[in-house]
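To find a chain, count down the sequence lines: A is the first, B the second, and so on, and within it residues start at 1.
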2 protein chains.
Amino acid sequence: MIRTQALTFTQDCNDCPIRHRAVCARCETDELARLEEIKYYRRFEAGQSVVWSGDRMDFLGSVVNGVATLTQTMEDGRTQMVGLLLPSDFVGRPGRVEAAYDVTATTDLVMCCFRRAPFERMMHETPHIAQRLLEMTLDELDAAREWMLVLGRKTAREKIASLLAIIARRNALVGTADDHAVTLELPLTREAMADYLGLTLETVSRQISALKRDGVIVLTGKRHVAVPDLVRLMAEAGDDTDGGLPA
Amino acid sequence: MIRTQALTFTQDCNDCPIRHRAVCARCETDELARLEEIKYYRRFEAGQSVVWSGDRMDFLGSVVNGVATLTQTMEDGRTQMVGLLLPSDFVGRPGRVEAAYDVTATTDLVMCCFRRAPFERMMHETPHIAQRLLEMTLDELDAAREWMLVLGRKTAREKIASLLAIIARRNALVGTADDHAVTLELPLTREAMADYLGLTLETVSRQISALKRDGVIVLTGKRHVAVPDLVRLMAEAGDDTDGGLPA
DNA sequence: CGCACACTTGACGAATCTCAAGAGCTGTGG
DNA sequence: CCACAGCTCTTGAGATTCGTCAAGTGTGCG
């Protein structure tokens, strides 16, 4: 078993890796102190479920470390991923106790959880939390709408390229910034990618092979991807080539 | 030219048809008074554009009457609808001046617009507006995610049934409530439906014909649809049959 | 060594798209 | 009043993409 995730994690909000990006980003010192009192950490192993759709959820929280997925499943088993939760993303809906989606850890995962009742009280009393949550929710809505375009109108090849581009963008810090080249580690199995993209895992596999054959990506191990030319990748995704790159 | 929309509309918030559902739903009398000062109405004819993606948008607002769509378009012309805006829905994003999507009136449309700067100021000063907007945004996010399942995993037939079910649900007031039967008026052309569903207009037409042939719907005019059995329709949509019906 | 698991590859078939023709409706102008 | 143009919508035939079913590869682990 690989242990890339740190075994220990921050108890003090000031040292937290997502301090300035998560729902607490705008909190002042005194507000953070209140949050400290109602928070606790939970870990999940890769593959483990965080909650099932319909379950009672008596916490709300942020992903601190690792990756989780939000999925919806039809009665006959067809599954669609509706969100990819990366560090700083928020889980749960204030005012709604029943989980609307399945949440699953796809890597080892650390979450910072807030007890529901006091957190919801705080939301009403301190505007900073609600403001930040609104902003994050609007961002998620934009992301969901971008994904609707991917699901509704892109070809299988474009879908794969779009997913790689999204992961590359959120991993931007890791890649060498010098020349539009990036390497990334896929946090998802082929099946999870298929569920995200509205494809079958066979089609995912075939299109990854095709992108490799055409030199758009270089595979070194099943999950490790090198992108020699990010502009090329984004063109394959059908996106405007100009957006999102460092000048 | 048909004139189903009222020619005059409320100037007084207290008589407004969306008073208790829109972004202003939770406002007190004094807050309404402030909104009255910064609001104005705009009308659009069916087919007219409200804003283009990338345009500067110096207002935010609510749909009062009529239907508008939110769409995204790729360079090669492929189009995906990412939102259907019905009365009470909110348009625009606080804090972002550039429109992210094309907004188009698909019927004659009345919007209640707020001047951006004073509205954003009010959002910071009065919690009721921000709270309500958060709630509405969370609802839209849920709707977008439900739509991701439709786009990614449903068949053409299920997609059509899903769209009809959504329209039927939001028109629930109109239908006879006695026996799970509903009639509805499609506010969209076949092409707009196709853009919503990630299909071609030919496939939309064929599937509507098929649902008609199978007795799931009855067409009286191209746009007027009678649904004899809403439970049947929802089963065709692949949804749980139990949700959403009056007991 | 063999099993489990994630992934790849191939052959075939089904669902959907593309291209094309035509039907039905509305408004316009002779 | 009729003919016609301009729409939206329908229907058909063939092409294409993607899904299904099935076999096979590679790696790690007991």
Give A:G198 one of three labels, base, sugar-phosphate or nothing, depending on what nucleic acid heavy atoms sit under 4.0 Å from its own. sugar-phosphate
Could I get the full list of side-chain hydrogen bond (donor to acceptor under 3.5 Å, both in side chains) partners for B:R96, not counting sequence neighbours? A:D142
Between B:W147 and B:Y196, is there a donor-acceptor pair closer than 3.5 Å when you use the side chain of the first and the backbone of the second? yes
Rounded to whole Å, please give me the gap between CG in B:L197 and P in C:dA15. 18 Å
What is the distance from CZ of A:R78 to P of D:dC18, rounded to the nearest Å? 18 Å
Gap between atoms NE2 and P, on A:H224 and C:dC7 respectively (whole Å): 16 Å
Can you give one letter per nucleotide of nucleotides 6-12 of chain D, 5' to 3': B if a protein heavy atom sits under 4.0 Å from the base, S if only from the sugar-phosphate, - if neither? ---SBBB
Got a sec, which residues hit salt bridge (charged side-chain N to carboxylate O under 4.0 Å, His left out) with A:R153, two or more places apart in sequence or on another chain? B:D195
Hey, does A:T183 have a side-chain heavy atom less than 4.5 Å from the side chain of A:V227? no
Residues two or more places apart in sequence or in another chain: which of them pass salt bridge (charged side-chain N to carboxylate O under 4.0 Å, His left out) with A:D58? none
Looking at residues at least two apart in the chain, or sitting in another chain, which of them share a side-chain hydrogen bond (donor to acceptor under 3.5 Å, both in side chains) with B:T137? none
Indicate the atoms forming the closest heavy-atom contact of B:P87 with B:N65, along with that distance. CG-CA, 4.2 Å
In whole angstrom, give the distance that lies between atom CG of A:D195 and atom P of C:dA6. 13 Å
For DNA chain C, which residues of residues 150-164 of chain B approach it to below 4.0 angstrom with any heavy atom? B:T155, B:A156
In whole angstroms, the gap separating C1' of C:dA6 from CG of A:L186 amounts to 13 Å
Side-chain donor/acceptor of B:K212 to backbone N/O of B:I217, under 3.5 Å: no
